[in-house]
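Note that this is a predicted model, so its numbers are computed, not measured.
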Amino acid sequence: MLDIKWIRENPEAFVEGLESRKTGPEARQLLNQILKLDEERRGTIQKLQGLQARRNAASKEVGQAKAAKDEASAVRLMDEVAAIKGAIQLDELTAGRLDSELFELLSRLPNLPLDDVPIGLDETANAVLREVGTPPKFDFAPKQHFELGEALGLMDFEIAAKLSGSRFVVLKGALARLERALAQFMLDLHTSVHGYTEVNPPLLVRDDTMFGTAQLPKFAEDQFSATKPLTEAEATILAKQLFPDREGGGVAQMATELLRLDVRLERKEHYWLIPTAEVPLTNLVRESVLDEAKLPMRVTAWTPCFRAEAGAAGKDTRGMIRQHQFSKVELVSITTPEQSRDEHERMTACAETVLKRLGLSYRVVVLSTGDMGFAAQKTYDIEVWLPGQGAYREISSCSICGDFQARRMEARYRPKGAKDTRFVHTLNGSGVAVGRALVAVLENYQQADGSVVIPDALKPYMGGLTKIEPAH
RNA sequence: GGAUGGGUGGCCGAGUGGUUGAAGGCACCGGUCUUGAAAACCGGCAGACGUGCAAGCGUCUCGUGGGUUCAAAUCCCACCCCAUCCGCCA
């Protein structure tokens, strides 16, 4: 969330920043709308506060008058308070409405880019910063991961489709183990070498948590949610409320219909499945005031991630690249504003170390203003080389969010010796996507006979296995 | 699912209608003492918003929203959340 005070004081920077994001042409119009609302809001507050001050003073005088047995003054003052009461209620209502309108607008605005982010509308404006490692040479045509996995008999999309539909996969045997090995290798690296603390967070979270990291309110359609189904009793009550003119059999029929439609109650226990461990990990500091000495705070987690992939129809339909469920080792840092830029470089280096140790070649890309995620001020994508696809594909994304998420979470810290609190800065990055790492290992370590050699870094985690071969 | 209890400042915790934005303690900050540190003692210390060059002043906030009242942390209602016990269950 952007700071309204900052917008008020830096309107041109606001428009410029917003125009460089996807918001584009409406930026100026948005600014005007926001400033107008803000002005009305402050005007109402000033008026309201004047009235409240008079009410408070008069109420105190009532007490004093009564104590002094001056009934006449007391009555006169009480009449005065009664007279301004209506105006106060009206202004309270107006102020509340303006407040929530402004909040609604601000909560849907993306973060603004840092100065050194390349300006552009999409990925064509991204800039490659470095290429690391040498892509392997093959004296045969390298296969794609799903060809390898299916031929090995250890990767099954058909059965996954029967269980869950498209964009799911079942891994078996050595490939299932490879996924676990990759995750453990990454966690061990980050906890014992990079200083991150391992966390095992909830995978189901509340609205407020999703709002904190900015998946809500704007990106609800990209998420999966989990809700307790309506009971028959609740459906009946709801049917009566919704269709008061029906009775008897009519109500029962509508109740059945509500159950069939899987109608949900706003108030009923309702969760979101995390699209990334960034959500629970970053929210670990929500609604708190941290000691500066505890920063930077670094946490990591290996979790499943769930994404609806709305709007991705037709993209990466084959294989494991884009799934509704995948696992990822996530890195999150909570820092002071002074630390965050360095931390961003450090975090990216931590993710790069994973790929280096796995012997995978990759490149680091800085995303353009138009290609960055909603909450980011600056993002580095790490793209791993996939010989089967003959392309670099994103395997990690490291973002610095400034105080954008901290404002939404109310996450602050107290600088040493200071009286006031400040918002923390938050950063998140994949360290790295496990499913895609598995894809990369398969494609980079494949042999002419379809077998796959285990990279040295993973051998300790594979129980003595050095090569995955077709099972028969 | 059933039954209780509870949500107060960074933390713990007192407070049942009138200078209580809130006792006390801890933590933190400044000072005295000390070679230094600790202890002890003295003092300071909520946040948001509005306004002002500033010092300051004002308003709101004791889970959230509404109500009663001249006046609400305190009374009433609804909702949210947390804990414990029982039941069910990995």
Side-chain angles (χ1 to χ4, degrees), chain A residues 1 3-9 35 37-103 106 200 202-209 211-212 227-234 237 241 265-271 283-295 297 334 403 406-424:
Chain A
M1 192 112 101
D3 182 6
I4 180 63
K5 274 192 223 161
W6 182 87
I7 296 175
R8 204 186 290 150
E9 286 158 17
L35 291 183
L37 262 178
D38 181 45
E39 210 168 299
E40 283 179 40
R41 175 179 138 270
R42 283 187 296 153
T44 307
I45 287 174
Q46 276 184 53
K47 187 155 147 272
L48 172 63
Q49 292 186 348
L51 291 172
Q52 285 171 327
R54 181 55 207 148
R55 179 197 62 190
N56 292 347
S59 290
K60 248 173 213 171
E61 288 169 35
V62 171
Q64 288 162 0
K66 290 212 164 177
K69 301 261 188 257
D70 182 357
E71 280 304 320
S73 296
V75 168
R76 184 180 52 75
L77 287 161
M78 279 155 70
D79 285 347
E80 186 190 339
V81 173
I84 53 178
K85 197 174 177 178
I88 288 180
Q89 279 183 330
L90 196 67
D91 283 347
E92 276 176 347
L93 227 57
T94 309
R97 181 176 53 77
L98 293 170
D99 244 353
S100 49
E101 272 179 43
L102 190 60
F103 184 84
L106 292 177
N200 198 331
L203 308 179
L204 298 177
V205 299
R206 289 190 218 287
D207 288 13
D208 287 350
T209 309
F211 181 85
T227 310
K228 280 190 173 180
L230 226 54
T231 63
E232 283 186 38
E234 285 167 338
I237 292 170
Q241 287 173 352
L265 289 179
E266 176 86 54
R267 287 205 189 110
K268 187 130 176 165
E269 219 169 8
H270 165 263
Y271 297 107
N283 276 279
L284 286 176
V285 298
R286 69 176 294 116
E287 293 164 59
S288 62
V289 179
L290 305 168
D291 275 342
E292 183 174 11
K294 288 195 177 141
L295 305 176
M297 172 179 141
I334 310 296
D403 63 9
R407 285 180 188 282
R408 293 172 162 251
M409 298 189 298
E410 289 187 67
R412 303 157 199 278
Y413 78 101
R414 195 181 305 280
K416 189 168 164 49
K419 225 174 81 176
D420 295 339
T421 57
R422 301 168 76 191
F423 287 111
V424 296

Once base and sugar-phosphate atoms are separated, protein heavy atoms under 4.0 Å mark nucleotides 44-56 of chain B, 5' to 3', with B, S and - as ---SSBSS-----
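- Here NZ of A:Lys5 is found 11.0 Å from CG of A:Asp38. Values are rounded to the nearest 0.5 Å.
- A distance-only check finds no donor-acceptor pair linking the side chain of A:Asp291 to the backbone of A:Ala293 [under 3.5 Å].
- Remark: A:Glu287 CD to A:Met409 CE distance equals 10.0 Å, nearest 0.5 Å.
- If you take atom P in B:C57 and the same atom in B:C42, they sit 27 Å apart, rounded to whole Å.
- Atom CG of A:Asp208 and atom C1' of B:C82 are 15 Å apart (whole Å).
- Contact annotation: the side chain of A:Leu284 never approaches that of A:Ile334 to less than 4.5 Å [non-hydrogen atoms, C-beta and beyond].
- Nucleotides B:A73 and B:A38 have their C1' atoms positioned 39 Å apart, rounded to a whole Å.
- Atoms CZ and CD, from A:Arg97 and A:Glu40 in turn, are 7.5 Å apart once rounded to the nearest 0.5 Å.
- Across A:Leu35 and A:Arg8, no two heavy atoms sit closer than the pair CD2-CA, 4.1 Å.
- Distance noted for atom P between B:U69 and B:A14: 32 Å (whole Å).
- Counting non-hydrogen atoms under 4.0 angstrom, A:Arg407 reaches nothing in the nucleic acid.
- Note that OG1 of A:Thr94 is 9.0 Å distant from CG of A:Leu48, once rounded to the nearest 0.5 Å.
- Contact detail for A:Ala95 and A:Thr44: the closest heavy-atom pair is N-CG2, 3.9 Å.
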Could you go over nucleotides 61-66 of chain B and give all protein N or O partners under 3.5 Å, atom names and distances?
none

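- For B:G6 and B:C60, the C1' atoms lie 26 Å apart once the distance is rounded to whole Å.
- A donor-acceptor pair under 3.5 Å is formed between the side chain of A:Arg408 and the backbone N or O of A:Phe211.
- Taking the P atoms as reference points, B:U19 lies 29 Å from B:A55, given to the whole Å.
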Parsed dot-bracket for RNA chain B after applying the Watson-Crick and G-U rules with both distances under 3.5 Å and | for other-strand partners is (((((((..(((.....[.....))).(((((.......))))).((((((....)))))).(((((..]....))))))))))))....
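- Rounded to whole Å, the separation between the C1' atoms of B:C26 and B:U34 comes to 25 Å.
- B:G65 sits 16 Å from B:C81 when the P atoms are compared, rounded to a whole Å.
- Checking A:Ser288 against A:Asp291, the closest nucleotide of RNA chain B that is more toward the 5' end is the one next to A:Ser288.
- Remark: the separation of the P atoms in B:U8 and B:C89 is 35 Å, to the nearest Å.
- Comparing A:Glu287 and A:Arg206 by the nucleotide of RNA chain B whose heavy atom lies nearest to each, the residue mapping closer to the 5' end is A:Glu287.
- A:Asp403 places no side-chain N or O within 3.5 Å of a backbone atom of A:Phe423 that could act as its donor or acceptor partner.
- Across every non-hydrogen atom of A:Asn283 and A:Thr209, the tightest pair is ND2-O, 2.9 Å.
- For A:Arg286 (side chain) and A:Asp208 (main-chain N/O), a donor-acceptor pair under 3.5 Å exists by modelled atom type.
- Atom NZ in A:Lys294 sits about 11 Å away from atom C1' in B:A27, given to the nearest Å.
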